[in-house]
Amino acid sequence: MFVCIIAGSSEQLCPERVLLSRPVVQAALGEHHGLLLTQEGQVYSFGELLWRDLRIPASHPVLEVTLLGEMVVRVAAGGFHCGALSEQGSVYMWGENTAGQCGLTERVSEPCPVSVVDNDVVPPAVIRVVDLACGREHSLALSSQNELWAWGSGCQLGLVISTFPVSRPQKVVCGAYHSLALVRSLPPQKYNTHNPPKKRERGQSPHCSVPEREELVTVDDSHYCPLGVELSEVMTDEVYILKQRQITDKVINEICGHGEAEPLTQPDGTPMLCPLSGWRANKNSVFPDEVELQSLLQKLSGSSLETQQTTGPGDTDSLSSHTSYVFLSGSPRRRQPCACKPSSTGQTQAPTLEEAGEGLLSLETEVWSWGRGSEGQLGHGDQLARLQPLCIKSLTGEEVIKVAAGSHHSLALTAQCQVYSWGSNMCGQLGHINSPVTVPQQAKLSDGLRVWDMSAGQSHSLLLADGDCVQPILLYCGQQQEPMSMGYINSVCSGGQSCALLLDHNIMGFISAIHELASRERHFYCWLSNVKKCLLTPLRNRGETVSLLAASLWMSFVRLSVLIGRHATSLSYFLHNLQVHNVTSLPLLVHTEHFLDIYKEYCSAVGNFQVMGGFQTLHKLSIECLGSQQAMLAQLCVADQPASEEANLVSLMYWPLQHLQQYSRALLKMAACYDVVRVKLLCCFCLFAFYVTQTVLLRRYKCVFILQEVLRLPQRRVVCESTNRSLTLLNAGRFSNHWFILFNDALVHTQFSTHHVYPLTCLWNKWLQSLNQAVDQVLGGGVQSSSPVLTAMSRTASYTFTGEGRFKDAQYTGGWLAGRIHGRGTMKWPDGRIYKGIFKNGLENGYGECIIPNKVLNKPDIYEGHWKDGKIHGFGKYKYASGEVYEGCFCDDQRHGYGMLSSGKLARNSSSVFIGQWVQDRKTGYGVYDDITRGEKYMGLWLDDQRHGSTVVVTQYGLYYEGTFKENKMAGSGLLLSDDDTVFHGEFSEDWTINGKGVLSLTNGDSLEGLFSGEWSTGLKVVGTYTKPTVAEPESKDRKNLFRMGQYVVPADQRWGCVFDECWSRLGCDAAGRGERATAWENIAVAITTARRHSPDLSRSQSKVLESLEFIPQHGEPVTTTNYDNIRRYLLKACETPLHPLGWLVETLVTVYRMTYVGVGSNRRLLRQAVQEVQAYLTHFYSIVRFLFPGLPDDGGIIPDPPGSPTKSRCNSNAADQGCSSLLLPLLLPRLYPPLFTLYCLQVEQEEAQYWERILRLNKQPDQSLLSFLEVQEVFLLLSQIVSSTKEACFVSAVETLQQISTTFTPSDKLLVIHKTFVELTQEVKPMLDGDFLWCMDDLFPLFLYVVLRARIRNLGAEVSLIEDLMDPNIQHGEMGLMFTTLKACYIQIQHETNT
């Protein structure tokens, strides 16, 4: 890259080429000097260097030796001073410093560092600068925190102070008198006002951001915002502001109309800062319409500021011709190739490539201006000054991408390569003959010229345009207007009356390839804009007659047009920094997928519109809308297209797809220049070439008008058909007519007037697959190729069944395998049935949900569960339309096995719940039936949905019956007990109806024996003998057996066999213990894995538990005391997880137990059955556990120590004697404890009342009296005297320990509490006794009785009974057994204790 300096004069242009040994990446011009920055970060100066008394010719610039140690990334030239910015963010200034513009106190002849420090944060922080700009008497710096800092003199600093110069940098905003801002539009609702910024800590800074919006806003007279206000809004996109500098404060006051300006100061006398952040007016604002202004000030916000000051020769007018530029961008960078950087006088600013999310520039912009307008340079139609930014309404919606400002004129460049100019035109710098121009007017350019860069000087404008050749054309608008071609110019800049051009060498054709691509892209966007303006917009305004396909075509065309416009603009800025850019950062390569997505969308929209015959309708509509303007269609069409009007319309819509060839050509050229990125370039070329081929195919098969209308679909395309590719039907008739058409989604067979459609997603040509394999083998010499042409065997598709069978006329969407539905899918029948779930080999198999309509009740049946071979099979939940709900096992569409049926809301005559065994959809076997309406609970055997066999029935009134049922009635011998302990044993014929022999025993012991008849609740007729036993006469053994409960009850080990059978089935066993152990463990692992896959809402802890259960533990080795704990921990996790078969078993057993013994089942007569049922659970459960862990001993067996371990005594081995109760009772009993303990409390209710009455009475005594009353030994009485006479102060630790017995569940835990109580008691009396003291029962019992009394344990009798019934037999006769016996004796003693 080299630089060409042009010194402008009134008569000629004198270009002077500057050649350096290193590429130049930036040029900056002052009034009479300039700076050049090379790619290596070196700075060169030329021109009149007044601070050194030197004059350096532009052709031989001198190196700034002082900066050789720094990597400079930015240079700026002011009127008579210079600036440089290093990669580390340090600022260097040198040159004229009379106004303090160098940030120092003296003249600076060599570059010196300038300290930029933020003193508003604690502690003060050094500011890292990312950009720099210089004016004539001031300098601006942009920090990495998006803050603008300034130093020098004049109002252009943005500081309201009266003392100049300012040598110490301060934070300011940019205020000027001829400024332009290009902002991205935002909807009005996003504008808001914020409070002024407060003092910040380090790292917090006010930001300036540009408002964004997706569409342009309507601008009216109130669409303006003032200067001199505070900004606190965060800005996001591009804004660049071009401002004129003032000469004197007097001129400023005259322009503002305020005379002498009073300086604004803080209370301490220091100057008040005016940060550009937030558009909130100050309290002392001088603007009258403050409230209205605040609502609209957000239009000029930005998150970063890049500033550059440029100067030109002085002017005799009151305003200087030096113009300073401020560029605000979303993300300022150090050395990254930025499409726009701060520039010199007349130089333009532009957005960065990283804007708009996708890295392409936005076209939704507005232009704002403010300052002096004496020459109309503000563009508002007058020559008045503006003290606040005001939107130029005529440029709204014109897609302005650049603005530039000269001394008294302004320029704007649009994405359509049009230039608008306004302001002074004394030298013809506006590009037209009007003067002056107060509103933007389009510059007059020759046909075929497309401007893509520009700059403005003092009295001239410089334009860079595309012409007929690849090289850009330079247009000078001023005193000379002759176009020039000087090579591959990538950017232009102006300063004073001079210009600078940056040119590139066309090495290996790469530069020409980039220029050609950018030029064609700009031309293409201009064409798209004309089509949209002249054709599509008028058609779209007729929205009432436009179809959805036409609207889709319009939207896709607009999106394509926007993409091309943004890409063309991005390519223009890509050319500005070719030395910094890498070819891989070319927008076309970075956003290849985005380009292809937009083109695919447009290609599909055009094809759909063509297939459905939309162009005929569109042609008629265009005639109505355009009328005499039909000739425009021919002008817009390319020369090689047909001339008919309808063909022109089709060609217009298809022509954008041909533009893909331009991308392919450009990529091929660049691939030949760069071997390093050749692979990436060629890959992108192949992608674009592929879509070019698809476009050709679309044009070839775009017409499907020969088919019937029913076959015409928007997305359907013809691939091939039998008229041009011969395909005949084998053994076809002589006069038959067959036509085969292959579409992209179906195969159509047409015969005469009928046709058959075969969707490709459900087409399984196995013979064609076999043929392809055979041909491949023959061509491959008998060896199958590595990539034969095979039809996909597994796919997802939709299909409607037409044949006979279960799926007749059903619609299916889901997975397929080799022509059969397989995998997850959805089947919908015409009658409303819906199945969603798993299929296998063409049938429902696995978990699924089914909805079956019930036309009678007008509600559906819903089933959720498992299927097998097309039938409901396995565990599931069925919700009937009647309101009943069944949850349990199924077999071949019938309820079979364990299940629970509950009536719903619609069952008005009866509400009930049945839980038990089912056989072929009927209740058969043991089950519990809770008749909620009658208040009865039946627990017994069933046969064919009828109660039949041994039974127990309890009612809500306390009646208890056990006997036999036959055909759903009480029949035969039975035992009946009432709540007052009246007992009857005899013959029954109906429910609660006695008929036959029997014996009635009354509560007082009298009995009545004979013939009974009648219903129990209404009265009995008796013919028999009344017997009143004597006191001395003992009750006979036969009479005891006659009234013994449990003689007609179903044995506990025969109940709930269906539950354990289901558990065995889930383990893969046909019956209890009949199966492979390895298969059982595999089924467990599969069940856990499947549950994790289908349960995404599991918590982290649940996922960890399931993950640990997936691993199969060691189960074949002998169980010793070492690995016994591992088994116990595994069972604990398994039983807490319902997804595990053992966890399901525990959960189900708890359900059936509570269904039996809760509610009406809470009858004290059922206690013995409940205890036996728990013991039966343990026995069956232990058999399953032993099947999984065969090394466990039999119930009550001994677990040996591991080989080689030291021998332990039996009493010291905690796990030596183990049974089912010690292993499984802790897992099961806590869940069964509430109903079981309730039964124990009901059973000992009378004894408990006596016990509690004694507890309350005896606890009224103080410790010494109570101990004496209990006959405690004198040695222990001393303890009570030692502690004091306070009540309940003795043996507190033992009392509190014993109270914990109510918080435990299992007998082993309760015995452990008793043991700890004895330990605590011993520890308290041990200090008063000899060291070898041993307890004797005479000493121990009174003390322990005292502890029990003070503990006040409610329901102690129930606790004692539960421990006695369920404790491990192995410890009954040991130390634990003795302690328990002591507690039981205390309970009995308290019941019979008297206070005498």
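We're numbering straight along the sequence, starting at 1. Computed over heavy atoms, backbone and side chain alike; hydrogens, waters and symmetry mates excluded.
For F801 and F807, the ring centers sit closer than 6.0 Å to each other.
With sequence neighbours excluded, no residue forms a side-chain contact (heavy atoms from CB on, under 4.5 Å) with T1179. Among residues two or more places apart in sequence or in another chain, the side-chain contact (heavy atoms from CB on, under 4.5 Å) test is passed with I838 by R824. Partners of E1076 according to the side-chain contact (heavy atoms from CB on, under 4.5 Å) rule, which considers only residues two or more places apart in sequence or in another chain, are T1079. For P1051, the side-chain contact (heavy atoms from CB on, under 4.5 Å) partners are D1053, Q1054, not counting sequence neighbours. The ring pair (Phe, Tyr, Trp, His ring centres under 6.0 Å) check on Y835 picks up F839, W867, with sequence neighbours excluded.
Taking 4.0 Å as the cut-off between side-chain N and carboxylate O, R806 and E844 count as a salt-bridged pair. Between K828 and D809, no side-chain nitrogen of the basic residue sits less than 4.0 Å from a carboxylate oxygen of the acidic one, so the salt-bridge criterion is not met. Taking a cutoff of 4.0 Å between a charged side-chain nitrogen and a carboxylate oxygen, R1164 and E1245 do not qualify as a salt bridge. For the pair K969 and E967, the salt-bridge criterion is not met [side-chain N within less than 4.0 Å of a carboxylate O]. One finds a salt bridge joining R895 and D921 here, because a Lys/Arg side-chain nitrogen approaches an Asp/Glu carboxylate oxygen to under 4.0 Å.
A cation-pi arrangement is found for K923 relative to F914, the charged atom lying closer than 6.0 Å to the ring centre and inside a 45° cone about the ring normal.
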Exercise answer: donor-acceptor pairs, residues 1057-1070 side-chain atoms, under 3.5 Å, sequence neighbours excluded:
unit_1	atom_1	unit_2	atom_2	d
E1062	OE2	R1066	NE	3.1

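Of the listed residues (Y878, F890, Y886, Y898), just one forms a ring-ring contact (aromatic ring centres under 6.0 Å, His included) with W918, and that residue is Y886.
Dense packing is recorded around CZ of R1044, with more than 12 heavy atoms of other residues, nucleotides or ligands lying under 6.0 Å away.
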